[in-house]
Amino acid sequence: MSLLEPVLSSSAPNPIGPYSQAVKANGFLFCSGQIALDPVSGNLKNANIQEETTQVIENLTAVLNAAGLSFANVVKTTIFLTDFSDFAKVNQVYESLIGSARPARSTVEVSRLPKEAHIEIECIAALG
């Protein structure tokens, strides 16, 4: 019997590689990084960084919901940006969408993300 339980949400994009959207392990949910792929069309929603951030958080929310969780359960997020000058705009969208949750967070600038996305967010949530 495996101690790891994969989580899959049909409301979030299918993984684009050999990984799970999330995995339950040892009382936590480890969510893979999400980019702004529309789960229906498969297209990247990136008219601007605000739209992209919104879709990323919607995708993460769908994965959390598939595990019976919400952002209230999230203990840590990591945000990857290809341009740190987008930080303030991302922060505004992030705060408006996650509500009163205030998980620990790291934000780093990276040179490139899958599908030429400008933002990716991953998170860890506590089960229960």
Side-chain angles (χ1 to χ4, degrees):
M1 180 174 108
S2 175
L3 297 176
L4 307 178
E5 180 185 338
V7 172
L8 181 65
S9 170
S10 60
S11 298
N14 286 323
I16 58 176
Y19 58 88
S20 298
Q21 288 174 335
V23 174
K24 290 181 184 179
N26 298 322
F28 290 95
L29 180 72
F30 297 86
C31 294
S32 295
Q34 289 288 321
I35 59 174
L37 290 177
D38 180 285
V40 176
S41 70
N43 295 326
L44 193 64
K45 293 180 77 174
N46 64 345
N48 56 53
I49 194 64
Q50 294 93 333
E51 178 187 51
E52 208 167 333
T53 304
T54 298
Q55 187 63 53
V56 169
I57 292 174
E58 287 174 0
N59 291 345
L60 269 179
T61 299
V63 175
L64 290 165
N65 290 169
L69 304 174
S70 71
F71 261 95
N73 301 93
V74 173
V75 296
K76 172 77 165 75
T77 61
T78 304
I79 300 175
F80 304 93
L81 294 173
T82 58
D83 184 351
F84 213 79
S85 66
D86 288 331
F87 182 78
K89 293 175 186 174
V90 167
N91 246 1
Q92 289 175 332
V93 174
Y94 180 92
E95 183 175 25
S96 72
L97 293 177
I98 69 166
S100 62
R102 293 295 180 263
R105 188 178 90 181
S106 300
T107 305
V108 296
E109 185 177 72
V110 297
S111 64
R112 196 167 177 206
L113 290 167
K115 304 235 180 229
E116 303 306 320
H118 300 104
I119 182 171
E120 179 173 337
I121 303 176
E122 65 181 20
C123 70
I124 301 168
L127 298 171

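Numbers for residues simply follow the sequence, beginning at 1.
The line from CD1 of I119 to CZ of F87 is 10.5 Å long, rounded to the nearest 0.5 Å. Atoms CG and CD, from N46 and E116 in turn, are 10.0 Å apart once rounded to the nearest 0.5 Å. If you take OG1 on T77 and CG on L60, they are separated by 9.0 Å, rounding to the nearest 0.5 Å. Put simply, CG on L81 and CD1 on I49 are 6.0 Å apart, with the number rounded to the nearest 0.5 Å. Once rounded to the nearest 0.5 Å, the distance linking NE2 of H118 with OG1 of T53 reads 10.5 Å. The CD1 atom of I79 sits 9.0 Å away from atom CZ of F84, with the distance rounded to the nearest 0.5 Å.
No side-chain donor from either of E95 and N91 sits under 3.5 Å from a side-chain acceptor of the other.
Checking each of V93, D86, V90 against Q50 for a side-chain contact (heavy atoms from CB on, under 4.5 Å) leaves exactly one that passes, namely V93.
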Start with the C-alpha distance between V7 and K24, add both sets of side-chain angles, then the distance that settles side chain to side chain contact (heavy atoms under 4.5 Å, CB included), and finish with yes or no.
CA-CA 7 Å; V7 172; K24 290 181 184 179; 3.9 Å; yes

Show the numbers, then the answer: is there a side chain to side chain contact (heavy atoms under 4.5 Å, CB included) between F71 and I57?
CA-CA 10 Å; F71 261 95; I57 292 174; 3.9 Å; yes

Output, in order, the C-alpha distance, side-chain angles, deciding distance and verdict of side chain to side chain contact (heavy atoms under 4.5 Å, CB included) for I121 and Q34.
CA-CA 5 Å; I121 303 176; Q34 289 288 321; 5.9 Å; no

Starting from the C-alpha separation in whole Å, work towards a yes-or-no answer on side chain to side chain contact (heavy atoms under 4.5 Å, CB included) for N65 and S9.
CA-CA 8 Å; N65 290 169; S9 170; over 6 Å; no

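What you find for L4 and P6 is that their closest heavy atoms are O-CD, 3.8 Å. When every heavy atom of P114 is checked against every heavy atom of I35, the shortest pair comes out as O-CD1, 3.7 Å. Between V63 and C31 the shortest heavy-atom distance is CG1-SG, 4.0 Å. The minimum heavy-atom distance linking P39 with Q55 is given by the pair CD-NE2, 3.5 Å. Across all non-hydrogen atoms, the minimal contact from P103 to Y94 is CG-OH, 3.6 Å.
Placement of L113 and Y19 in two distinct hydrophobic clusters is found when ILVMFWY residues are connected by side-chain heavy-atom separations under 4.5 Å, directly or transitively. Residues L64 and I124 do not share a hydrophobic cluster, defined by chaining ILVMFWY side chains whose heavy atoms lie under 4.5 Å apart. Cluster annotation: V74 is connected to L127 through the hydrophobic network of ILVMFWY side chains, with a link wherever side-chain heavy atoms come within less than 4.5 Å.
For R112, the CZ atom counts as loosely surrounded, since its 6.0 Å shell holds 12 or fewer non-hydrogen atoms of other residues, nucleotides or ligands. Around the NZ atom of K76, the shell of radius 6.0 Å holds more than 12 heavy atoms that belong to other residues, nucleotides or ligands.
In terms of modelled atom types and a separation under 3.5 Å, the side chain of N59 and the main chain of L37 share a donor-acceptor contact. Put simply, the side chain of E52 never gets that close to the backbone of E120: no donor and acceptor are under 3.5 Å apart. Remark: side-chain polar atoms of S32 are paired, donor with acceptor, to backbone N or O of S20 under 3.5 angstrom.
Residues E122 and F30 fail the side-chain proximity criterion, which asks for heavy atoms closer than 4.5 Å.
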